[in-house]
Each structure stands twice: as C-alpha cells, then as structure tokens.
Amino acid sequence: MSQQAERFRDPRNALTTLRTRLVMAGVFVGAIIALSLSVAFSWNVGPEGGAGGGPPKLSAAAVEAFQSPPGTCLTWSNPDAADARRVPCTEPHLFEVTSIVDIGAQYPAGVPSPSLDQWQEISRSRCTVDVKPYLGRTLDPYGRLSMNLLRPTPAQWEDGDRQLRCGLQWAGPGGKLQPTTGPAKEQNQSAVWEPGTCLALLNNSFGDPIDCAQPHSYEIIATLDLKSKFKEGYPSQEQQNTWLDTECSTVAQDYTGNADLAAKKVTLGWDVREQESWDAGSTLVNCKAAAVLPDNKGLAPITGSLKVGNGEAPPSDGGPASPPPSSSAPKTGG
C-alpha cells in the first residue's frame, strides 16, 4: 500500500474512537443532546414545569413521547427537546425505542445514581441484548446506528424512578444526532452519507455535515455497493481497495467534470468494510475527496464543492499536491 494510502487515521483506531464517542453519547452526552439537562430522560413528569429556573413546560406530546413503548419513533427540534413528540417511523426521526428496562433490583431506593462508567455498562449489558431480536438481524458494530439510553434525571432518580428506555439513533462523527427515515429494521446500516455531503473539519479529522461553502474535510462524491462486485462473500480489504481504486476514480471524473484533483491538492479516499459489517448487511461504501496536511497527520480544509457546476474548490491550505486519483485510498470510514 502506498504512503498516500496511510495518510488518514488507521480505520480500526478511527472506528474505535467513533464507537467510543457513540457509546458516550448514548449514556451521557447524548442525554444532553436528546432530552436536555432539565428534562433529560424524564417520562414521568407532568406538563407543568417548575418556576424559578425549574424544568421547562412540556407539551402533552412531549410527556407522551417520554412514555413511549418499543417501536415508537421520536423527534424534536428544540435543543432542550421540550417539543419532543412521537412521529411515524416512516418520517424523519432522531430516536427509535427498542426496549424498556427496569434496573430497580440492582439499584433500589436510596442507592446513588450510577456513575458514567456504570451507565455505559448498563447500556452495553441491558440494551444490546434485545437489539438483535428487535431488528431481526445483527447490529453493525461499525454502522450508522448505535444504541442510546434514556435514563432518569437526578430528581427522578431520587424519587425512585428506575425505568430506562433503550433505543437506536444515528450520531454523526461530531456527536450531533442525524435524522433517519424508516423503521430501523428496514434501514441499511452502512455508515454512508448522501453524495454531495460535506463533513466538517474537526481536530484535523472529520465531523458532522456542513455546508460545502464552509471549510470542510471530506466531500462525499458517490456511494457504491461492494456486493455489486463481490457476490460470493466477504472480500478482503485488499480486494476492496483494488476495486474501489478504479471505481472511485471513475465516479470522480463524472462528479467533478474531469477536474484535475492533483492540481487542487485534493485526493480520493473511500471506505472499506469489516467482516462484521458485511455480515450485518452493510455493503455500501462512500467514495470521498479530501486534502491532507503537509505532515500527513490529518486533514486540511477545503472550501467549496468539487461537483461540476457547483463551483471549484481551491487548493487546501498548505496541503501537498496529491497523486492522480488512481492512487490507493485511505480506509477510514466516514
């Protein structure tokens, strides 16, 4: 594999970091994102909030949302999720309830609330056990969907509330929840983005979707299905790289109008899939374009879209000229 193929983070490390971030989101950060600090994981509160800085008033729909049974999909717009509501899973949503768990036997009245590490373990041990029966297949450990855990607020915990709701969400690499459409069991779990999506630059790596007019890391140029080529079973990552080298170069010519990417100091990359993802049915991968820092230790900013007709992206800040698109590609997921 060429040096250019190693210019991005090792895929295992990248995926481990992302998966750790998703687990954290499910039991702590995601609590803030999902249902706010004041009403987080509260499904037994009334519609009237407290005065003097107490919990915000919740609509009847929000109260109903916090009492949802498995199979319910939820969405919200406000940062504090005070407008949380149930929606049909065929509509865009942020969370799908998969099971209800009561941990009262392990944490009786008077016992302190679990620590962050304990919440993580509860999420792993109590939520993941029911996800395969719920989905009817294995959850892709490297896929777009991850488990989240809706838990009581400190006040509710003090009142003896020990009921949790496990569910599935799509948390982007920057931590922001992304809407999904359709029941989870019908969704393709492949960690891919729509072509034309640009991902923010985050600590020399990639984050959540951002306007391509803003400095960004990757621009997604195509989605390919490995199974269209490899019909007999899981292909090695070397086989994936060899095929994607050619295929991504071809689609890049169409996407950019045969632009000279090397002159723009931009090079091609793509995802590869692990055996576990393939077994879970995740065979889609993204072709993507990025620039590299001069020391090859991260991604450099690109501004503007490479798509023909959308304007041209200038060379990245200080990035070295890239080889032609036929070079080997990084294996990081995006």
Side-chain angles (χ1 to χ4, degrees), residues 15-45 55-56 58 62-63 65-76 79-82 84 93-135 138-178 180 184 208:
L15 289 167
T16 299
T17 299
L18 175 57
R19 186 55 50 190
T20 299
R21 186 182 300 146
L22 296 183
V23 170
M24 292 287 288
V27 297
F28 184 67
V29 180
I32 300 173
I33 295 173
L35 303 176
S36 87
L37 285 172
S38 58
V39 298
F41 308 101
S42 174
W43 43 80
N44 291 323
V45 297
L58 299 178
V63 175
F66 300 156
Q67 298 172 335
S68 296
T72 304
C73 290
L74 310 177
T75 195
W76 52 88
D80 63 5
H93 55 272
L94 298 177
F95 189 83
E96 181 173 341
V97 180
T98 60
S99 64
I100 300 173
V101 171
D102 193 299
I103 59 172
Q106 295 76 30
Y107 295 89
V111 173
S113 177
S115 66
L116 177 58
D117 287 343
Q118 289 172 322
W119 279 123
Q120 288 178 312
E121 179 55 35
I122 291 169
S123 178
R124 284 190 292 265
S125 63
R126 300 299 300 273
C127 288
T128 57
V129 66
D130 292 326
V131 70
K132 184 174 181 179
Y134 182 84
L135 288 174
T138 302
L139 180 67
D140 180 357
Y142 304 109
R144 68 163 61 185
L145 298 179
S146 62
M147 295 303 303
N148 196 339
L149 179 65
L150 305 188
R151 57 187 171 89
T153 64
Q156 290 175 316
W157 184 270
E158 288 297 320
D159 289 340
D161 188 351
R162 300 294 187 267
Q163 197 172 71
L164 319 174
R165 274 163 172 73
C166 302
L168 290 166
Q169 64 179 22
W170 180 15
K176 183 178 179 180
L177 297 186
Q178 306 295 317
T180 64
D208 294 329

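Worth saying up front: this structure is predicted, and the values here are computed from it rather than measured.
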Gap between atom [atom2] of [Y] and atom [atom1] of [X] - 0.5 Å precision:
X    : Y    : atom1 : atom2 : answer
C127 : I122 : SG    : CD1   : 9.0 Å
L145 : M147 : CG    : CE    : 10.0 Å
F95  : C73  : CZ    : SG    : 9.5 Å

Counting only N and O atoms by type, is there a donor-acceptor contact under 3.5 Å from the side chain of [X] to the main-chain atoms of [Y]?
X    : Y    : value
N148 : Q169 : no
Q178 : K176 : yes
E96  : A184 : yes

### Query
Taking the side chain as C-beta and beyond, is there a heavy-atom pair between V97 and C166 under 4.5 Å?
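Counting from C-beta outward, V97 and C166 never come under 4.5 Å.
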#### Entry: Side-chain heavy atoms of L168 within contact of T180, under 4.5 Å
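Side-chain contact under 4.5 Å: no.
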### Task
Identify, with sequence neighbours excluded, every residue that meets side chain to side chain donor-acceptor pair (under 3.5 Å) alongside T75.
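By the side chain to side chain donor-acceptor pair (under 3.5 Å) rule, T75 matches no residue at all.
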### Task
Provide the full list of salt bridge (Lys or Arg N to Asp or Glu O under 4.0 Å) pairs with a residue in residues 104-121, sequence neighbours left out, each pair given once.
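Output for this query lists E121-R124.
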Distance-only donor-acceptor pairs under 3.5 Å for side chains of residues 99-109, two or more places apart:
unit_1: D102; atom_1: OD1; unit_2: G104; atom_2: N; d: 2.7

Kindly give the heavy-atom pair with the smallest separation between [X] and [Y], and that separation in Å.
X    : Y    : result
S68  : L74  : OG-CD2, 3.4 Å
S125 : T128 : N-OG1, 4.4 Å
W76  : L177 : CZ2-CD1, 3.8 Å

### Task
Only counting residues at least two apart or in another chain, list the ones meeting side chain to side chain contact (heavy atoms under 4.5 Å, CB included) with S113.
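S113 satisfies side chain to side chain contact (heavy atoms under 4.5 Å, CB included) with W119, W157 once adjacent residues are dropped.
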